[in-house]
Amino acid sequence: MAPIAIHLRKHVDPDARYAPCWPDGVVRADFDQQGHARAARGLLNAAYAEGGGDVLAFKDWWPALAANPEYRPDLCFIALDAGTGEPAGFAQCWSLGFVKDIAVAARWRGRGLGRALMTEIFKTFQARGIYELDLKVAADNPSGAARFYQGLGMVEIG
């Protein structure tokens, strides 16, 4: 039986000034498909191994993602650990305003990195003129993700 998903929506205010606050020790980088894709999938798998998302082999994930007409490399958001260069956080969105996947490395949780990634996403879609941003989260997500998103102003929709 598939887990029950909660559908959440954020109204992105066209007049707001979304300014991500990146935690010390983290740098935002442009997503480089060759250099970041495999490590980003590894981060998603590590986060989703406890529940809340799909654990997929890179060889299965990447071709399907790259072939999807809604995929845009500039809608992949990666934050790197400044000391190691490894992904500290990653989010991937579809072009029409949907957060497909997001994960923060265990050692970076609780430091504001998830909030910074989501704020960067709000800012990016605002600049594109897309003011409704959706995502789905498993109701039994062990990380408390639904509460996190609701704290960012997302509300449950039908």
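The figures here come from the full heavy-atom set of this structure, side chains too, leaving out hydrogens, waters and symmetry mates. This is a predicted model, so every value here is computed, not measured.
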query = Quick one: do Trp108 and Phe90 end up in the same hydrophobic cluster if we chain Ile, Leu, Val, Met, Phe, Trp and Tyr together by side-chain heavy atoms under 4.5 Å apart?
reply = no

inquiry  = Check for me whether Arg38 meets the cation-pi criterion with Phe58, that is, NZ or CZ under 6.0 Å from the six-membered ring centre and within 45 degrees of the ring axis.
reply    = yes

inquiry  = Using only atom types and a distance under 3.5 Å, with no angle test, would you say the side chain of Arg9 pairs donor to acceptor with the backbone of Glu156?
reply    = no

ask   = Does the side chain of Ser95 reach to within under 4.5 Å of the side chain of Tyr71, using non-hydrogen atoms?
value = no

message = Test of understanding: clusters of I, L, V, M, F, W, Y form through side-chain heavy atoms closer than 4.5 Å, transitively. Do Leu113 and Met154 belong to the same one?
response = yes

Closest contact, heavy atoms only, Val55 versus Arg41 = CA-NH2, 4.2 Å

task = Please answer: with hydrophobic residues joined when any side-chain heavy atoms are less than 4.5 Å apart, are Val26 and Ile78 in the same cluster?
result = no

ask   = Checking side chain to side chain contact (heavy atoms under 4.5 Å, CB included) for the pair Thr119/Cys21: CA distance, chi angles, key distance, verdict?
value = CA-CA 8 Å; Thr119 303; Cys21 182; over 6 Å; no

message = Looking at every heavy atom in both Gly83 and Asp81, which two are closest together, and how far apart are they?
response = N-OD1, 2.8 Å

Donor on one side chain, acceptor on other, Glu132 and His11, under 3.5 Å = yes

ask   = Checking side chain to side chain contact (heavy atoms under 4.5 Å, CB included) for the pair Leu133/Ile121: CA distance, chi angles, key distance, verdict?
value = CA-CA 9 Å; Leu133 189 63; Ile121 291 167; 3.4 Å; yes

ask   = Trp94, Val99: one ILVMFWY side-chain cluster at the under-4.5 Å cut-off?
value = no

inquiry  = Under a 3.5 Å distance rule, please check whether Glu86 uses its side chain to pair with a backbone N or O of Leu80 as donor and acceptor.
reply    = no

key: For the student: nearest non-hydrogen atoms of Ala116 and Trp22, plus distance   = CB-CE3, 3.5 Å

cation_pi(Lys10, Phe122) dist<6.0 Å, angle<=45 = yes

inquiry  = Ignoring hydrogens, what is the shortest heavy-atom contact between Val27 and Ala82? Give both atom names and the distance.
reply    = CG1-CB, 4.3 Å

ask   = Say you draw a straight line from CG of Leu96 to CZ of Arg72; how long is it, rounded to the nearest 0.5 Å?
value = 8.0 Å

query = Is there side-chain contact between Lys123 and Pro20, with heavy atoms separated by less than 4.5 Å?
reply = yes

ask   = How about Tyr18 and Asp13: does a side-chain donor come under 3.5 Å of a side-chain acceptor?
value = no

inquiry  = Surrounding CZ of Arg147 (heavy atoms of other residues, nucleotides or ligands, distance under 6.0 Å), is the total greater than 12?
reply    = no

query = Does Asp54 use its side chain to pair, donor to acceptor, with the backbone of Leu56 at less than 3.5 Å?
reply = no

remark   = Between Leu43 and Ala103, the two heavy atoms sitting closest are CD2-O, 3.8 Å

inquiry  = Quick one, Asp74 with Arg128, criterion salt bridge (Lys or Arg N to Asp or Glu O under 4.0 Å). Give me CA distance, side-chain angles, the key distance, then yes/no.
reply    = CA-CA 12 Å; Asp74 61 330; Arg128 289 172 168 249; 2.5 Å; yes

task = Answer with yes or no whether the hydrophobic clustering places Val12 together with Phe148; edges join I, L, V, M, F, W, Y residues whose side-chain heavy atoms lie under 4.5 Å apart.
result = yes

ask   = Is there a side-chain contact between Lys136 and Ile6, using heavy atoms and a 4.5 Å cut-off?
value = no

